[in-house]
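Below is one structure, written out as structure tokens; the observations come after it.
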Amino acid sequence: MRTLWLAAIVAASGAVNAAAADLQSRVWTKTPATTEAGYSWGGWYVGGNAGGSWGQSNVSNAFVNGTAPIANQQAIVAASPRLNPDGFTGGGQVGYNHQVDRWLFGVEADANYFGLKQSRGFTAPFPAGGSFTTTNSVTSDWLVTLRPRVGYTVDRTLFYATGGLALTELNFASSLTDTTGQNETASLSKTVAGWTVGAGIEHAFTKNWSAKVEYLHTDFGKQSVTAPAFNGAGTPAGIIAHDIDLKTNTVRGGLNYHFGGPSVARY
């Protein structure tokens with residue numbers, strides 16, 4: 001009887017050891033959760049934009065060797081206007097993005113119709129009698145910018161800052177007539193370079209299409225032009241020097257088509 005009990009115990013012990021060895025030979029792993037890859041902003045894109053622009057152009061006039069009475073000259077200089085041109089803008093853009101984790105680094109170039117314009121006339125009396133009339137106008141028909149962009153992405157939404165080079169054609173015209181017969185006309189048409197800075201938000205609503213809203217402030221600095229003034233007899237009456245500056249603000253919306261590019265770089 002004792003022999004039978006010993007045999008049963010030995011058999012049970014062997015079964016337990018075999019089961020333990022089988023459990024140790026199996027490797028238990030947790031199935032990883034399935035996640036969707038984040039949206040990639042990298043690669044080339046093209047698009048169009050439209051919006052509105054408004055600006056400020058300060059015009060200053062100064063006589064050089066003027067023959068008119070000093071009080072009359074001072075009255076004309078004091079009438080130098082501030083113009084506030086505005087208008088519609090629209091055009092297209094092309095750019096390239098490189099995304100590192102959530103950060104985006106890119107460059108964008110755009111060319112736009114820039115319908116800024118305003119003309120203003122002013123009539124005022126001379127201190128010693130008589131009067132004068134001045135007319136000044138400023139227009140800008142196109143705008144080109146080349147700008148780096150730096151942004152931060154939240155999946156399909158991009159927040160970015162931008163700034164760089166801006167080019168436009170500045171057109172200025174001025175005329176003066178007075179009751180003494182003095183008259184002068186001046187004009188300037190010149191491609192000028194300036195700087196621009198701004199910010200925007202862009203959202204990708206499909207894999208390839210995104211929409212954006214953007215603000216740009218642009219400064220084209222100061223330009224100068226001089227023209228001779230003539231008296232009623234047609235003889236020179238000095239020179240009038242004009243200084244003109246132009247600062248603009250633009251708000252525009254746009255659509256971009258993204259061709260796709262490398263996946264998001266992660267370091």
Just checking, any donor-acceptor pair under 3.5 angstrom between side chains of [X] and [Y]?
X      : Y      : value
Ser53  : Thr250 : yes
Arg82  : Asn58  : yes
Thr177 : Asn183 : no

What's the shortest heavy-atom distance between [X] and [Y], and which atoms?
X      : Y      : value
Phe132 : Asp178 : CB-CB, 3.7 Å
Ala193 : Leu165 : CB-CD1, 4.3 Å
Asp141 : Tyr113 : O-CD1, 3.4 Å
Gly42  : Gln99  : N-OE1, 4.2 Å
Ala227 : Ala186 : CB-CB, 3.6 Å
Leu143 : Ala166 : CD1-CB, 4.3 Å

Starting from [Y], can I reach [X] by hopping between I/L/V/M/F/W/Y residues whose side chains sit under 4.5 Å apart?
X      : Y      : answer
Trp209 : Val94  : yes
Val59  : Phe122 : no
Trp195 : Tyr215 : no
Val138 : Leu116 : yes
Phe259 : Phe205 : yes

Are [X] and [Y] packed together at the side-chain level, in the sense that at least one heavy-atom pair is separated by less than 4.5 angstrom?
X      : Y      : result
Ile76  : Phe126 : yes
Val64  : Thr226 : no
Phe172 : Gln223 : no
Tyr152 : Trp103 : yes
Thr180 : Asn231 : no
Ser57  : Ile244 : yes
Lys190 : Val225 : no
Glu202 : Thr153 : no

So does [Y] get a backbone contact from the side chain of [X], meaning a donor-acceptor N/O pair under 3.5 Å?
X      : Y      : answer
Thr162 : Ala199 : no
Thr218 : Thr196 : no
Asp219 : Gly194 : no
Thr135 : Ser175 : no
Thr168 : Trp142 : yes
Gln118 : Asn84  : yes
Asn112 : Gly91  : yes
Tyr39  : Lys207 : yes

Hey, could you give me the [atom1]/[atom2] distance between [X] and [Y], rounded to the nearest 0.5 Å?
X      : Y      : atom1 : atom2 : result
Ser210 : Leu158 : OG    : CG    : 8.5 Å
Thr145 : Leu167 : OG1   : CG    : 9.0 Å
Leu246 : Gln56  : CG    : CD    : 9.5 Å
Glu108 : Asn97  : CD    : CG    : 8.5 Å
Thr89  : Asp110 : OG1   : CG    : 8.5 Å
Leu176 : Phe230 : CG    : CZ    : 12.5 Å

task: Apply the test side-chain contact (heavy atoms from CB on, under 4.5 Å) to residues Trp54 and Val251: give CA-CA distance (whole Å), side-chain angles for both, the deciding distance (0.1 Å), then the verdict.
output: CA-CA 9 Å; Trp54 68 98; Val251 174; 3.9 Å; yes
query: Do the charged groups of Arg149 and Glu214 touch, with an N to O distance under 4.0 Å?
result: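 Looking at Arg149 and Glu214, the cut-off is not met.
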message: Against Trp41, only a single residue in His98, His258, His203 fulfils ring pair (Phe, Tyr, Trp, His ring centres under 6.0 Å); can you say which?
response: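 So the option named by the test is His258.
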- request: Give the C-alpha distance, both sets of side-chain angles, the deciding distance and a yes or no for side-chain contact (heavy atoms from CB on, under 4.5 Å) between Lys212 and Gln93.
  value: CA-CA 12 Å; Lys212 70 174 184 177; Gln93 66 269 354; 4.1 Å; yes
message: Using side chain to side chain donor-acceptor pair (under 3.5 Å), reason through Ser119 and Ser137 one step at a time and then give a plain yes or no.
response: CA-CA 4 Å; Ser119 179; Ser137 67; 4.8 Å; no
